[in-house]
Amino acid sequence: MELLVRYLDRSSSISSDTTQDVLKEESLRDDLKYYFMSPCEKYRARRHIPWKMGVQILKIVMITTQLILFGLNNQLVVAYKEENTMALKNLFLKDYSGVDEDDYSVAVYTQHAVYDSLFYVIDQYSQLGQLSVGPISYAEDEYGNVKPLVICKKYYKKSSAEPSDEAYDIDAKLETVCMSHTPKTAHEWKTQNASFFDMDFYRLVDIKITFELKGINLQTVRSRELPDCYSFYVTITFDNQCHSGKVKIFLDIDFESSACRAWTISGTAQKNTHYLLVFDGFVILVCITSAALCTRSIILAVKLLQRFSRFFHENFNRKVCEDDQGEFLNGWYLLVIVSDLLAIIGSILKMEIQAKSLTSYDLCSIFLGTSTLMVWVGVIRYLAYFQKYNVLILTMKAAFPKVLRFCCCAGMIYLGYTFCGWIVLGPYHEKFEGLSRVAECLFSLLNGDDMFTTFAQLKDKNTLVWVFSRAYLYSFISLFIYMVLSLFIALITDSYETIKNYQRNGFPLTDLQKFLQGHKDFPVVEENGQTDVELSNSIRFCCYCQRLPANDEVVLIS
């Protein structure tokens, strides 16, 4: 009788442990199923309101609106800078045609033309107040004095050249001599500085004229925003470094914007700025909420992965495959968090710009533009719940490793053509003058753009280079368009066909998917004398083999 009682107690204990294991397994399976459900399925299963999806939709609307508002304002700033640059070129460059010649604005070829262009700049600067139609004036220092125009000429310390005798004597050291001029000395500078303008052109390297102007961008008032004040740092360079008989004239402007010190404006501009600041603050709040919800989801996923890994180790003595681990570590959440951080930084910069504390329009544009790009890319995550819309993501995921390896190999050939084109064709073709321009030109040719122009623009004065250029261009186009590009497309097409096949016949089941479907056919890895290396190899083999359909053969290549 006592033995019977012990047996029943033992059976009851085993039954109780089994029941607990089953309940534990079912609880884990339910939690995993719920985690991998779409927002709509979660709502139908537990009436859980999809807050995260709602926040993402709201964020898309708000960030896109914010970007559009900032973009319209930034366009006004860019247009103001470009039009001021064009206006100053027409004001200070004699005989400027309105279009730059290559990378310079104007070129002169005689000593008389150099002097005329130089004196023209000084005369125009002296009469700026009577010439300019825009709100531009001379810059002043902290004491209220007008900052002068500075002219510096750079020349060889000692130089003599006799081309007829093929003789020269040059001291490579450079000397710089400068003079300054203010509008008040307009009638005196020619007589007082006559020796400065007595130039030896065979020694002259360049002449630089620098001055500073002030301006106000009043057009922002039309968009109901406060105007910005600008400082224009103008540099006009007469470049004679080549000593080829051609003096190139450049006009460069650096812009620096700042808040106007004293302003009075009536209307709704100031009120409109306050509304925009409130809107930007609300965008920051939404982004913080979105980042917090995604961080919470990542923490939950890590906990579930730990539970699932522990369960597999205890029951099947197996490790979870890397692909299954990747299902828990959702890259979309990381993308959303990064986009939220960029949007928060961009919004703060935008608020500072609206308040006229900062003027970093370009930096703010980079943050806002990148965050908006990531937000819209993140929308694909919700489309991925529908099989018909999931083809793009699955194809990209399957093709990416193969495409990356392929691009590494093709990139080596591309770099070789880039360096070769630059060194050989650079002196004879404007599209090959710099490494970046060569890379851009070859990429354009790769896509079939502007082919005839690239062939036709090559100067045929050097027969050897002309023949080489034909061999170079024909070989590049034939190799990359007919072979490299075709193979690139074939890799993506192959991945697409594989995904379509799986969608038609069913995807191979992973350990995670088998567990969610209640399968019990997990092979147990027992300690049967295998070494650690053999055991790890067998586990890795199972991870790869389990993704194959049941009717496929497994082929091992050693």
Side-chain angles (χ1 to χ4, degrees), residues 20-60 62-63 284-316 318-344 371 374-387 389-390 393-394 396-397 507 509-519 522 543 546-547:
Q20 289 180 358
D21 291 340
V22 172
L23 291 176
K24 184 178 179 181
E25 179 180 342
E26 290 300 323
S27 174
L28 176 60
R29 182 177 289 111
D30 290 341
D31 289 342
L32 288 173
K33 285 182 177 179
Y34 183 76
Y35 177 78
F36 289 109
M37 285 181 181
S38 67
C40 296
E41 291 172 340
K42 289 181 179 179
Y43 179 76
R44 287 194 294 265
R46 299 184 184 178
R47 295 297 174 184
H48 178 76
I49 299 176
W51 296 108
K52 192 161 50 189
M53 185 178 70
V55 170
Q56 296 304 317
I57 295 174
L58 177 62
K59 188 177 71 173
I60 289 173
M62 297 191 66
I63 286 183
I284 293 175
L285 180 62
V286 172
C287 290
I288 292 175
T289 304
S290 171
L293 291 174
C294 290
T295 304
R296 173 179 169 273
S297 297
I298 291 176
I299 295 173
L300 177 61
V302 172
K303 291 181 179 179
L304 282 175
L305 176 58
Q306 292 173 347
R307 288 176 59 191
F308 183 64
S309 301
R310 194 181 308 115
F311 173 82
F312 252 57
H313 180 72
E314 292 174 356
N315 291 271
F316 304 105
R318 292 183 56 182
K319 293 182 179 180
V320 179
C321 297
E322 292 182 0
D323 290 340
D324 281 341
Q325 293 180 16
E327 295 294 331
F328 290 90
L329 304 177
N330 198 326
W332 293 111
Y333 291 145
L334 297 177
L335 180 70
V336 171
I337 292 174
V338 171
S339 69
D340 289 333
L341 294 176
L342 294 177
I344 291 172
S371 67
M374 291 184 174
V375 166
W376 279 99
V377 171
V379 176
I380 302 178
R381 173 177 177 267
Y382 297 102
L383 295 178
Y385 290 117
F386 305 96
Q387 184 176 355
Y389 297 97
N390 201 23
I393 300 175
L394 294 177
M396 291 175 62
K397 186 176 180 180
F507 285 85
L509 295 179
T510 65
D511 286 343
L512 175 61
Q513 292 166 344
K514 287 181 179 180
F515 178 76
L516 293 177
Q517 294 181 10
H519 291 199
F522 299 102
C543 285
Q546 66 183 342
R547 295 186 174 274

Distance-minimising heavy-atom pair for V377 and W332: O-CZ3, 3.6 Å
M396, CE: over 12 other non-hydrogen atoms inside 6.0 angstrom: no
Side chain to side chain contact (heavy atoms under 4.5 Å, CB included) partners for L58, two or more places apart: M62, V286
Where V375 and S339 come nearest, the two heavy atoms and their spacing: CG2-OG, 3.9 Å
L334 side, atom CG; T295 side, atom OG1 - distance, nearest 0.5 Å: 9.0 Å
Any residue meeting side-chain hydrogen bond (donor to acceptor under 3.5 Å, both in side chains) with S290, in chain and number order, not counting sequence neighbours: Q56, K59, D340
Distance in Å, T289 OG1 paired with I284 CD1, rounded so as to fall on 0.5 Å steps: 12.0 Å
Residue pair S371 / I63: nearest heavy atoms and the distance that separates them: OG-CG2, 4.4 Å
